[in-house]
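Since the structure comes first, as structure tokens, the remarks are kept for the end.
Just so it is clear, the structure is predicted and the values come from calculations on it, not from any experiment.
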Amino acid sequence: MNYRDEFKNIIENIKINQTTPPEEFNNSMQPMIQFIQKNIPAALYKFRECTEHNLDAFDKNEIWLSKASNFNDLHDSLLFFDKTAMLKQAQQRLSPENIPAIFEYLKQSPAIIGQYNFTNPDIHTAITDKLNTLDNQTFSNMIQQLSSNIDMFLESYFCNLKNEIRNRTKMACFSENIKSPLMWAHYADNHKGFAIEYDFRGNDISQCANCRNRSCNNIKWAAIYPMIYSDTRFDATQYGKWYIEHCMKIYLGIREETVFDDEFLFTKVALHKSNDWEYEKEWRIICSTPNTATEQKDCYPIKKKPVAVYLGSQISDIHRKILTHFADANGIAIFQMYVDDYASKYELNYNPL
């Protein structure tokens, strides 16, 4: 078992939400935190094209985080729901043989409905009066009509939910391997760009990690994780079932304070990728902030000084000069990538400048 598989087993056992007591929260997260600090490499690399924005960010010691919908993987952070299983369960519960029992249950509405805090008290009265005037056949017809629209209902709600998750989470991606020709080709403009080396050991992810002002409205909570590679997507079916029930209650005007038992799920789904991407050997920073205006942006930066910068083997003279100037001014080591004609492996090498 490699360390990424071990990490997968650890996070599968984490279930926390906003109601989890602090001590229980810390106990649940500690095995994961200790595992990451034990296994995080001394050097992680971010590959960049020589755009004005990327050069400016390097000069300012900025790492920009972006939403998953901007990434090149269409499955990135995309929740998977077993729609077939959910439809089957819903249809079974609304089957003709179950309708009489459902009707009898709902007719106890004064006791059942009364336990909910309705946002509109007229809805309470309307539901109670309506149920008292229905007969079995009329109620059966209503349920059958609802059952026939379940597929369309699920499709609409799940589409909105999946898009919301992919647009909400802000992340930055790094690789363990500076010598990968594929990484230089895909993310550094076919070797004409550059790569930045960082050291995130000790949970030293950004300047906020060492700031004493924990109540700052501009604080950015950032954590780094290894990616998990698999042939199957992360299964969020249980969350989908809870979400649909939650939406139905809102639709009916029922205000019930409930939370899903595993809100760490949104981090879990962002840490799963197809085996096709395994060559990237990725680690990922996931970040959030209490500043609503910042959090709603498509991307925003955190501050972190690099250890070194690596110039692509095909980088232009002007970009080499710009990056060398910025690196010298900030006390950052500089390396030049090259192809070793006499090396037996398909990998790049580098020399210090």
For Met171 and Ser77, the nearest pair of non-hydrogen atoms, with its separation, is CE-OG, 3.6 Å
Classify the ring geometry of Trp242 against Tyr239: parallel below 30°, tilted from 30° to 60°, perpendicular beyond 60°. parallel
Common cluster, Ile318/Leu323, ILVMFWY with side-chain heavy-atom separation under 4.5 Å: yes
Honestly curious: do Val259 and Met29 fall in one hydrophobic cluster under the side-chain, below-4.5 Å linking rule? no
Between Pro226 and Ile36, the two heavy atoms sitting closest are CD-CG1, 4.2 Å
Starting from Trp64, can I reach Trp221 by hopping between I/L/V/M/F/W/Y residues whose side chains sit under 4.5 Å apart? no
Residues at least two apart in sequence or cross-chain that pass salt bridge (Lys or Arg N to Asp or Glu O under 4.0 Å) with Asp276, listed by chain then number, are none
Please determine whether residues Phe194 and Val307 belong to a single hydrophobic cluster, defined as Ile, Leu, Val, Met, Phe, Trp and Tyr linked transitively by side-chain heavy-atom distances below 4.5 Å. no
Any side-chain heavy atom of Glu12 within less than 4.5 Å of one from Lys8? yes
Closest contact, heavy atoms only, Leu55 versus Cys50: CD1-O, 4.3 Å
Atom pairs and distances, donor-acceptor, side-chain atoms in residues 332-341, under 3.5 Å, two or more places apart:
unit_1: Gln336; atom_1: OE1; unit_2: Arg320; atom_2: NE; d: 3.4
unit_1: Gln336; atom_1: OE1; unit_2: Arg320; atom_2: NH2; d: 3.4
unit_1: Gln336; atom_1: NE2; unit_2: Leu311; atom_2: O; d: 3.2
unit_1: Gln336; atom_1: NE2; unit_2: Gly312; atom_2: O; d: 3.0
unit_1: Asp340; atom_1: OD1; unit_2: Tyr342; atom_2: N; d: 3.0

Are Tyr243 and Phe80 linked, directly or through other ILVMFWY residues, by side chains that come within less than 4.5 angstrom of each other? no
In Å, rounded to the nearest 0.5 Å, how long is the span from CD1 of Ile63 to CZ of Phe200? 4.0 Å
Main-chain N/O of Asn9 paired to Asn13 side chain as donor or acceptor, under 3.5 Å: yes
Distance check, rounded to the nearest 0.5 Å: Glu282 atom CD versus Tyr229 atom OH? 5.0 Å
Starting from the C-alpha separation in whole Å, work towards a yes-or-no answer on side chain to side chain donor-acceptor pair (under 3.5 Å) for Thr289 and Asn291. CA-CA 5 Å; Thr289 174; Asn291 189 318; 5.5 Å; no
Lys281, NZ: over 12 other non-hydrogen atoms inside 6.0 angstrom: no
Backbone N or O of Asn330 within a donor-acceptor pair of the Lys305 side chain at under 3.5 Å? yes
Test Phe58 against Arg48 for side chain to side chain contact (heavy atoms under 4.5 Å, CB included), laying out the working first. CA-CA 10 Å; Phe58 173 66; Arg48 303 275 75 188; over 6 Å; no
Using distance alone, with no hydrogens and no angle criterion, decide if Thr19 and Asn17 have a side-chain donor and acceptor under 3.5 Å apart. yes
Which atom of Asp262 lies closest to which atom of Lys15, heavy atoms considered: OD1-CA, 3.7 Å
Would you say Glu280 and Lys273 make side-chain contact, with heavy atoms under 4.5 Å? yes
His53 atom NE2, over 12 foreign heavy atoms within 6.0 Å: yes
Euclidean distance, Leu271 CG relative to Phe7 CZ, rounded to 0.5 Å: 5.5 Å
Got His186 and Phe47 here, is their nearest side-chain heavy-atom distance under 4.5 Å? no
Could you check whether any side-chain N or O of Asp189 sits under 3.5 Å from a backbone N or O of Glu49, counting only pairs where one atom can act as donor and the other as acceptor? no
Distance, nearest 0.5 Å, that separates OH of Tyr310 from OH of Tyr350: 4.5 Å
Side chain of Lys268, backbone of Ala236: donor and acceptor closer than 3.5 Å? no
Could you tell me whether a side-chain N or O of Thr237 sits under 3.5 Å from a main-chain N or O of Asp82, the two making a donor and an acceptor? yes
Does a side-chain heavy-atom distance below 4.5 Å link Lys38 with Tyr3? no
Thinking salt bridges, do Arg4 and Glu278 make one under a 4.0 Å N-O criterion? no
Given side chains that start at C-beta, do those of Phe234 and Leu265 come closer than 4.5 Å, heavy atoms only? yes
Any chance you could measure Lys67, atom NZ, to Asn163, atom CG, to the nearest 0.5 Å? 10.0 Å
Measure from NZ or CZ of Arg168 to the centre of the six-membered ring of Phe266, then state whether that distance is under 6.0 Å and the direction lies within 45° of the axis. yes
Would you find a donor on one side and an acceptor on the other, under 3.5 Å apart, between the side chain of Asn27 and the backbone of Glu23? yes
Heavy-atom donor-acceptor pair, Glu263 side chain to Ile16 backbone, under 3.5 Å: no
Between Lys192 (side chain only) and Ser316 (backbone N and O only), is there a donor and an acceptor less than 3.5 Å apart? no
Give a yes/no verdict on a cation-pi contact between Lys46 and Phe174, requiring under 6.0 Å between NZ or CZ and the six-membered ring centre and an angle within 45° of the axis. yes
Is Glu197 close to Ile178 at the side-chain level, that is, under 4.5 Å between some pair of heavy atoms? no
Say you draw a straight line from CD of Glu176 to CE of Met183; how long is it, rounded to the nearest 0.5 Å? 10.5 Å
Assess, by modelled atom type and distance only, whether the side chains of Ser175 and Asn177 contain a donor and an acceptor separated by less than 3.5 Å. no
Find out whether Asp76 and Arg284 are in side-chain contact, i.e. whether some heavy atom of one side chain is under 4.5 Å from a heavy atom of the other. yes
Please determine whether side chain to side chain contact (heavy atoms under 4.5 Å, CB included) holds for the pair Ile205 and Lys304, giving the CA-CA distance in whole Å, both sets of side-chain angles, and the decisive distance to 0.1 Å. CA-CA 7 Å; Ile205 297 172; Lys304 174 69 175 179; over 6 Å; no
Hey, does the side chain of Lys60 reach the backbone of Lys303 with a donor-acceptor pair shorter than 3.5 angstrom? no
How far apart are the closest heavy atoms of Ser66 and Phe71, and which atoms are they? O-CZ, 3.8 Å
Minimum heavy-atom separation for Leu65 and Ala172, please, with both atom names. CD2-N, 3.9 Å
Under the side chain to side chain contact (heavy atoms under 4.5 Å, CB included) criterion, do Ile224 and Leu44 qualify, and how do the steps go? CA-CA 11 Å; Ile224 192 165; Leu44 288 170; 3.7 Å; yes
May I have the step-by-step check of side chain to side chain contact (heavy atoms under 4.5 Å, CB included) for Cys287 and Ile302, ending in yes or no? CA-CA 9 Å; Cys287 190; Ile302 57 174; 4.1 Å; yes
Trp283 side chain reached by Pro41 side chain, heavy atoms, under 4.5 Å: yes
